[in-house]
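We count ligands from 1, going down the list as the structure has it; atoms in each ligand are counted the same way. Residues take their numbers from the sequence shown, with the count starting at 1. Side-chain atoms are counted along with the backbone in the values below, which use heavy atoms only and exclude waters and symmetry mates.
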Amino acid sequence: MHYDAVVIGGGLSGLTAAALLAKRNLHVAVVDRNAHPGGSCGAFRRGEALIDQGAAMLFGFGQTGFNPHRFVFNVLEEPIDVIRHESMYTMEFAGERIEFTPDLDRFTEDLARVFPGERDTIKRFYADMGRLYHDVIAGTPSFTTPDEMDGRHMLPQIKAHPRSYLKFLRLMNKSVEDLIGHYFTDPRIHQFYDKLCSTYCYTTTAETPAVLGAVMFVDNHVGGTYYPAGSTLMLTGALEKVIEEHGGDMLMHCEAVEILFEDEKPCGVAIRKTGDAPEQQIRKRMGDDSPDHICADSVIYSGNVWDLYDKLLPSDRTTRKERAWAKRFVPTAASAVLYLVVKASAIPVDTPPVQMFAEHPEQLNDDEITAYIMSIDDPTLCPPDQHVLTVVGPCFDMVEGLDEQEYANLKRKIARRFLGILESRFPGICDATLHVEVATPRTLQQRAGKYRGAVAGPKQMMGQHMLKRQHTRTRFKGLVCCGESTVMGTGTPTVTISGIAAANALLRDRGLAPFIWEPDLPNYVRDVPRGWSKRANESELTQAARHCLLCEHPACNRTCPIFDVPGIMRRIYTGNLVGARKLAKQGIKTLESGDYVISPTVAVQLAADRIVAQTDPASTSANTNEPVSARMANGRLPSSTLAEVAAFERDCIQARSDQHGTPIAFVVSELLA
Ligand SMILES: Cc1cc2nc3c(=O)[nH]c(=O)nc-3n(C[C@H](O)[C@H](O)[C@H](O)COP(=O)(O)OP(=O)(O)OC[C@H]3O[C@@H](n4cnc5c(N)ncnc54)[C@H](O)[C@@H]3O)c2cc1C
C-alpha cells in the first residue's frame with residue numbers, strides 16, 4: 001500500500017496532522033506502537049470507571065481567545081461536545097486558596113487578597129499582559145509553530161498594533177523572572193509565579209521564557225478550560241473518525257523503527273509489530289522479526305527529538321553535529337501519576353475539577369501536585385457514588401536499575417506521598433479509596449513513550465525555546481515534525497498547533513490550500529452543560545460498546561483473534577461507525593478467505609476456554625502455523641483441519657465481546673446491516 005503521507009505517532013499532534021491531510025483528500029496512515037491512539041491524551045478503564053491517563057484539563061476550546069482545538073474541529077467540520085469548567089482550578093499556595101476563574105478581573109481580585117501590597121501592580125501587570133495577548137496572539141490567531149510563521153499573515157496585525165509587537169519582541173530573550181521583576185517587589189509573589197511556572201511547565205521563573213509566561217498567564221483565563229463530554233477518548237476518537245471516514249488507515253501495534261529513504265528523500269517507514277496478539281506471537285515464535293515497510297511520499301514524525309536523531313533517522317543520513325544537537329536538549333522533569341477511584345463522599349460538593357498544590361513556596365519540590373477530578377463535571381465517567389482522580393506531580397526518585405521489590409516499594413512511596421497531600425485537602429480520602437494505581441516515570445516511558453518520563457518533551461526553558469527547538473520542517477524535503485519537541489508551551493493546545501503546522505507544510509509543498517484561521521468559521525464545537533449525558537438515547541450497540549470499552553483482557557479476542565473487537569467497540573463508543581464497520585468487514589473477509597492461522601497457541605487457548613470440545617485433539621500438536629488456505633491439498637482440507645476450522649469459525653462468531661457481554665455476531669451484523 002502506498003500513502004501520500006505516513007504519520008509516526010497517534011497522539012494528539014499526529015492525529016491532528018493526519019485528520020487535516022485526510023480532510024484535503026490525501027491518503028494517510030497513522031502508525032502507533034500502542035493498542036489505541038491518543039498517546040498521553042487518552043483513558044483506561046477500571047471496573048465501571050474511565051480514568052484519564054494524562055491530559056484532562058484542556059485549554060484551547062474557548063469561544064474567545066487563542067483556541068486551536070476549536071479551530072481544528074471547525075475546519076474539519078466535525079462536531080464535538082465539550083463541557084466548560086465554571087471554576088477552572090484552585091491553587092493551595094502557602095496556606096491560601098487562590099481561585100483561577102475564566103473572569104480575569106475576579107481572579108486578580110483574589111490574587112490581590114493574598115498579596116494586598118501589590119494590588120495596583122497586579123492590576124497593571126494583567127492589563128499589560130492582556131493587551132499583548134489580544135494584540136499579538138489572539139486577535140488574529142496564527143495557529144502555527146514559530147518557524148512556520150507567515151510574515152504576510154502577520155503584517156496587518158503588526159501595522160495595527162506596532163507598539164505591542166515591539167514589546168513582545170523585546171521579551172523574546174528575557175525570562176519570566178526578568179518580566180515580573182519589572183513589576184513586583186514582594187518576594188512572596190515571585191514565589192507564587194515560580195509555582196505557577198512550575199505547575200504549568202516544571203520550570204522556574206528564571207528558566208521560563210518571558211514570551212511563554214506572558215501568553216500563558218492570560219490565555220489560561222480568557223479561553224477557559226474544557227473537558228470533552230464522555231472522556232478525552234472523544235477528542236482523539238473524533239480525529240480518528242475523520243481520518244477513517246476519508247479513507248485513512250489507523251495502524252495500531254506498529255512501531256516505526258526507521259525512516260526509509262530513496263536518494264535524499266524520505267519514502268516511508270519500517271515498522272515492527274508490537275503487542276501480544278496471536279499473530280504477533282506466532283511470528284515471533286517462528287523467528288520472524290523482520291520489519292514491514294510502509295511506503296509514502298511524505299513522513300510526519302510526532303515523537304520526541306531524541307528518538308528522531310538517535311533511532312529513526314539512519315545514522316548515515318545525519319551528521320554527528322545534528323545528533324549532538326538533539327542530545328543536548330534538556331528534558332522536562334520526570335513525572336509520576338496516581339490514579340484513584342474513590343467514594344463520591346470523599347470530594348465535597350462544589351469542589352473545582354482541578355486542584356493544584358504548592359504548599360512550600362520557598363523551593364521547587366515534589367509536593368507540587370495537580371489533581372484532576374473530571375467526574376465532577378462529567379458524571380458519565382464513573383458510577384454516581386464514585387469519583388475518578390488523575391494526580392500528576394514531579395518525581396525526583398531514581399527508577400533505573402531497581403529490582404522488582406525496590407520498584408514496588410517506590411510505587412508505594414509515591415502513592416503515600418500523593419495521598420498524604422490529597423488527605424490534607426480532602427480529609428478521609430485515603431479511607432474512601434476504592435482503587436489506586438501508580439505510573440512511575442518508567443511507566444510513562446513504556447506506555448506513553450515519554451522520554452525518561454518527561455511529560456512535556458524538551459524543557460520549556462531559555463536556550464531551547466522558540467526557533468531553538470526542533471523545527472516543523474527538517475532538512476529532508478518530505479519529512480516534517482510535530483509534537484512536544486517542536487512547540488513553545490506545554491499541553492494539548494500547543495501540540496495541536498504543531499499538528500496544524502505539519503499538515504500545512506505538506507499541503508503547501510503539494511500546492512494545496514493550507515488551513516488558515518478566518519473570522520466567522522462555522523462552529524462545530526457544542527458547549528454542553530456540566531453533568532450532560534447522552535446516555536439516554538444510546539442504541540443497544542453503543543451500550544454494548546460502553547460495557548466493554550477499553551477492556552484490557554478481552555476474552556473475545558483470545559477466542560476470536562480475527563475480529564479486533566476492542567478496536568470495534570472503542571470506535572462505536574466514539575461515534576466512528578465507518579471505522580468500526582471497516583474493522584468488521586476486514587474480519588469477515590479474513591474469515592471467508594480462510595487466510596488465517598489456527599496455531600497450537602490458539603487451539604490451546606480455545607481449549608482453555610472450553611470452547612473446542614469437538615476439535616480434533618491431534619490438531620493441538622500438529623504443525624498448524626500456516627494459513628488455513630495453505631493446508632488445502634487438491635482443493636480439500638484434511639478432515640481434522642476441517643473440524644478445527646468449523647469449530648473455530650463457529651466460536652469466532654459466537655464469541656462474546658466480554659465474558660458476559662454481547663455476541664460478536666450481533667455487533668458485526670448490526671454494523672453491516
Ligand atoms: C500525566 C500527564 C498529564 C497531562 N496533563 C495535561 C493537561 O491536563 N492538559 C494538557 O493540555 N496537557 C496535559 N498533558 C500534556 C499532553 O497530554 C501532551 O502534551 C500531548 O497529549 C502530547 O501529544 P503528542 O501527540 O505530542 O505526543 P504523545 O501524546 O506523547 O503521543 C505520541 C504518540 O506517538 C507514539 N510513538 C512515538 N514514537 C513512535 C514510534 N517510533 N513508532 C510508533 N509510535 C510512536 C507514542 O506511542 C504515542 O502514542 C499531560 C501529559 C501527561 C503525560
Measure the distances from the heavy atoms of L12 to every atom of ligand 1 and state whether one is below 4.0 angstrom. yes

Take the angle between the ring planes of F261 and F476 and call it parallel below 30°, perpendicular above 60°, tilted in between. perpendicular

Which pair of heavy atoms, one from Y227 and one from T232, lies closest together, and at what distance? OH-N, 3.6 Å

Quick test: of every protein heavy atom, which one is nearest to atom 53 (C) of ligand 1, and how far off is it to 0.1 Å? V455 CG1, 3.4 Å

Judging by distance only, is a nitrogen or oxygen of M57 under 3.5 angstrom from one on ligand 1? yes

Which of the numbered atoms in ligand 1 are under 4.0 angstrom from any heavy atom belonging to A56? 7 (C), 8 (O)

State whether the number of non-hydrogen atoms from other residues, nucleotides or ligands found under 6.0 Å of R447 atom CZ is greater than 12. no

Give yes or no for whether the N/O distance cutoff of 3.5 Å, strictly under, is met between V495 and ligand 1. no

Measure the spacing between CG of L239 and CZ of F73 and express it to the nearest 0.5 Å. 4.0 Å

What residue and atom, counting heavy atoms only, is the protein's closest point to atom 37 (C) of ligand 1, and at what distance? R33 NH1, 3.7 Å

Between R530 and E86, does any NZ, NE, NH1 or NH2 come within less than 4.0 Å of an OD or OE carboxylate oxygen? no

With a heavy-atom distance limit of 4.0 Å, tell me whether K311 approaches ligand 1 through its side chain, its backbone, both, or neither. neither

Shortest protein contact, atom 12 (N) of ligand 1 (heavy atom only): G491 CA, 3.3 Å

Give the ring-plane orientation class for Y89 versus Y200, where under 30° counts as parallel, over 60° as perpendicular and anything between as tilted. perpendicular

How far apart are the closest heavy atoms of A456 and T490, and which atoms are they? CB-CG2, 3.7 Å

Gap between atom CG of L21 and atom OG of S298 - 0.5 Å precision: 8.5 Å

Less than 4.0 angstrom from a charged side-chain N to a carboxylate O is my criterion; do R272 and E258 meet it? no

Start with the C-alpha gap between K241 and L76, add the side-chain angles, then the distance that decides, and say whether side-chain contact (heavy atoms from CB on, under 4.5 Å) holds. CA-CA 11 Å; K241 175 171 180 271; L76 290 176; over 6 Å; no

Here the gap from K23 atom NZ to I243 atom CD1, rounded to the nearest 0.5 Å, amounts to 13.0 Å

Could you tell me, atom by atom, which parts of ligand 1 come under 4.0 Å of a heavy atom of G9? 33 (C), 34 (O), 35 (C), 36 (N)

At what distance is the nearest protein heavy atom to atom 30 (O) of ligand 1, and which residue and atom is it? K450 NZ, 2.8 Å

At the 4.0 Å heavy-atom cut-off, does G11 count as touching ligand 1? yes

Under 4.0 Å from a heavy atom of V337: which atoms of ligand 1 are those, numbered in the order shown and with their elements? 1 (C)

Check ion pair D564-R570 (N to O, under 4.0 angstrom): no

Which heavy atom of the protein is the closest neighbour of atom 13 (C) of ligand 1, given with residue, atom name and distance? A55 CB, 3.5 Å

With heavy atoms under 4.0 Å as the rule, classify the contact between T492 and ligand 1 as side chain, backbone, both or neither. both

Protein contact to atom 24 (P) of ligand 1 [nearest heavy atom, distance to 0.1 Å]: S13 OG, 3.5 Å

Which atoms of ligand 1 have any heavy atom of G39 under 4.0 Å away? 29 (O), 31 (O), 48 (C), 49 (O)

E484 N/O under 3.5 Å from ligand 1 N/O: yes

So does L251 get a backbone contact from the side chain of D249, meaning a donor-acceptor N/O pair under 3.5 Å? no

for atom 8 (O) of ligand 1, nearest protein heavy atom and its distance come out as Y372 OH, 2.8 Å

Just which atoms of ligand 1 are under 4.0 Å from any heavy atom in C254? 43 (C)

Subset of ligand 1 atoms that lie under 4.0 Å from at least one heavy atom of I8: 39 (C), 40 (C), 41 (N), 42 (N)

Among all the protein's non-hydrogen atoms, which is closest to atom 42 (N) of ligand 1, and how far away is it? A256 N, 2.9 Å

Check each atom of ligand 1 against the heavy atoms of D32 and keep those under 4.0 Å away; list them by number with element. 33 (C), 34 (O), 35 (C), 43 (C), 44 (N), 46 (C), 47 (O), 48 (C), 49 (O)

Here the atoms of ligand 1 under 4.0 Å from any heavy atom belonging to E255 are 42 (N), 43 (C)

Six-ring centre of Y407, R442 cation under 6.0 angstrom, axis tolerance 45°: yes

Among the heavy atoms of P37, does any lie under 4.0 Å from an atom of ligand 1? no

At their closest point, which heavy atom of N504 faces which heavy atom of F515, and how far apart are they? OD1-N, 2.7 Å

Nearest heavy atom to atom 21 (O) of ligand 1 wins, so pick from S498, S40, G457, G54. S40

